[in-house]
Amino acid sequence: MKDGDPTMDAQTSKQLAHNLITWYRANARDLPFRHSRDPYRIFISEMMLQQTQVATMLPYYERFIARFPDIETLAQASLDDVLSHWQGLGYYRRAKHVHEAAKQVCATHGGQFPTTLDALKALPGIGDYTAGAIASIAFNQPEPAIDGNVLRVLTRVLAEARPIALSATKATVKDVVRGMHHHAPPRELTQAIMELGALVCVRTPICEACPLQRHCLAYAQGRIAEIPMRAPRLKQPLEHYIAFVITGGDAVYLEQNPDKGLLANLYGLPHIIGSDVTKAYTALQSNLSMALTLGETLGEITHVFSHKRWRLTVIHATSGQVTENFHALDDLPAIGKAHRKAIALWEEKMNK
DNA sequence: AAGTCGGGGCG
DNA sequence: CGCCCAGACTT
């Protein structure tokens, strides 16, 4: 698919929506929170579902609704009471958000959930996804609700190769769902996509049972296992360093790395692990035995290696004496990219 | 953009 | 048992 093309033609969109709804009506699980169009119950069930599987969350949901059957009851309860009914679910800040949202709805909306996306998103704990879920399921508005399930289903249908964490990928999926909303009742469509993602289009999907198989590009291309794409592993450890740009006139102090290890033999700035500038400066002074004057913070540099990430806080310092370790800015030896960027920060400052 | 929340699924 | 994970908020 090229830029500028519509994400999906209306005919495909209509067939997808139709197949989904037909499948949903025949296969959807009978879940208690689906028996109501009450935005309050949908809100509570969505907030609980964001952190647990249905099976785990159901007993909590039943207990919660039995104790707080409507939004006024929740708003008037104490936070401790709310937390005790959330206890075990985790993400306890969400319990607080749910409670705060109930109080706000009662205080400023007369106990009625707002019906617009923006007003919903203004409530604590409600972001893009939950706002879309409430608007479409409770109020039957054609609003996309993009969660992990929906992303998985539709990136596969589209054979979308971009990582799902990118906002551009979410925007594409959002457009497709918006298109499908023209061809199905929003409240069913939203639940149908999520249900398909939960039952069929799972991590290792059951493509034989999938109503979208004939339209699924990832299936056709044999790329089910590689889609959705995860962002390139940013699991590499993040290491914080303080790097010092020590200048004497227009020369900068550099040290040469050992001939083994990371950036072997390249020159670089003195840099000290950690993020505490005071400690790092003390360590620097004892390492160098030069008279230094601490300067300003020049900025932050991040640098990604294949196996680790650096975050450099770049500090300027000046030295009275200029030794052989100082190199003129217009005649620098080979320096790693991160430290070169750090030196560039100093040059920018000087040129202003 | 990246860290945090905290439990469950899964290998 | 360790690794990974989804959404909202925060910084």
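Every chain is numbered from 1, with letters handed out A, B, ... down the list of sequences.
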Please report, to 0.1 Å, the donor-acceptor pairs under 3.5 Å made by any side chain of residues 189-217 of chain A, with sequence neighbours excluded.
unit_1  : atom_1 : unit_2  : atom_2 : d
T190(A) : OG1    : S136(A) : OG     : 2.8
T190(A) : OG1    : P186(A) : O      : 3.3
Q191(A) : OE1    : R34(A)  : NE     : 2.8
Q191(A) : NE2    : R187(A) : O      : 3.1
E195(A) : OE1    : R29(A)  : NH2    : 2.8
E195(A) : OE1    : R34(A)  : NH2    : 2.7
E195(A) : OE2    : R29(A)  : N      : 2.9
E195(A) : OE2    : R29(A)  : NE     : 2.8
Q213(A) : NE2    : C207(A) : O      : 2.9
H215(A) : NE2    : Q15(A)  : OE1    : 2.6

Requested in this report: Please state whether the rings of F64(A) and W86(A) are parallel, tilted or perpendicular, taking 30° and 60° as the class boundaries.
Outcome: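 Judged by the thresholds at 30° and 60°, the geometry between F64(A) and W86(A) is perpendicular.
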Query raised in the report: Should the ring pair W346(A) and H316(A) be called parallel, tilted or perpendicular, given that the plane angle runs from 0 to 90° and is split at 30 and 60?
Result: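 Because their plane-to-plane angle is under 30°, the rings of W346(A) and H316(A) count as parallel.
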Nucleotide N/O to protein N/O under 3.5 Å, stretch nucleotides 7-10 of chain B:
unit_1 : atom_1 : unit_2 : atom_2 : d
dG7(B) : OP1    : Y92(A) : OH     : 3.4

May I have the list of side-chain donor-acceptor pairs in residues 78-85 of chain A shorter than 3.5 Å, sequence neighbours left out?
unit_1 : atom_1 : unit_2 : atom_2 : d
S78(A) : OG     : D81(A) : N      : 3.1
D81(A) : OD1    : H85(A) : ND1    : 3.4
D81(A) : OD2    : R67(A) : NE     : 3.1
D81(A) : OD2    : R67(A) : NH2    : 2.4
S84(A) : OG     : D81(A) : O      : 2.8
H85(A) : ND1    : D81(A) : O      : 2.9

Requested in this report: Please answer: with hydrophobic residues joined when any side-chain heavy atoms are less than 4.5 Å apart, are M48(A) and Y92(A) in the same cluster?
Outcome: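 Both belong to a single hydrophobic cluster.
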Pairs under 3.5 angstrom, nitrogen or oxygen only, protein versus nucleotides 8-11 of chain C, please.
unit_1 : atom_1 : unit_2  : atom_2 : d
dA8(C) : OP1    : G127(A) : N      : 3.4
dA8(C) : OP1    : T130(A) : N      : 3.0
dA8(C) : OP1    : T130(A) : OG1    : 2.8
dA8(C) : OP2    : Y129(A) : N      : 3.4
dC9(C) : OP1    : G125(A) : N      : 2.5
dC9(C) : OP1    : I126(A) : N      : 3.4

Query raised in the report: Taking atom CE of M47(A) and atom CE of M57(A), what is their separation to the nearest 0.5 Å?
Result: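 The CE atom of M57(A) is 11.5 Å from CE of M47(A), to the nearest 0.5 Å.
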Report task. Output the distance between atom CD (Q50(A)) and atom CG (L89(A)), rounded to the nearest 0.5 Å. Result ->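 So the gap between those two atoms works out to 12.0 Å.
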Query - Residue pairs passing the ring pair (Phe, Tyr, Trp, His ring centres under 6.0 Å) test where at least one lies in residues 154-186 of chain A, sequence neighbours excluded - result: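 Pairs touching residues 154-186 of chain A that pass the test: none.
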Starting at atom [atom1] of [X], determine the distance to atom [atom2] of [N], rounded to an integer number of angstrom.
X: W86(A); N: dG6(B); atom1: CH2; atom2: C1'; value: 13 Å
X: I164(A); N: dC5(C); atom1: CD1; atom2: C1'; value: 10 Å
X: R152(A); N: dG7(C); atom1: CZ; atom2: P; value: 9 Å

Query raised in the report: For atom P, what is the distance between dC9(C) and dG8(B), given to the nearest Å?
Result: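 The same atom, P, in both gives a distance of 23 Å.
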Atom pairs, protein N/O to nucleotides 1-3 of chain C N/O, distance under 3.5 Å:
none

Requested in this report: Considering non-hydrogen atoms only, spot the tightest contact between H327(A) and P333(A) and give its length.
Outcome: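 Closest pair (atom of H327(A), atom of P333(A), distance): ND1-CD, 3.6 Å.
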Report task. Determine the minimum heavy-atom distance between E62(A) and P32(A), stating which atoms define it. Result ->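 Of all heavy-atom pairs spanning E62(A) and P32(A), the closest is OE2-CG, 3.5 Å.
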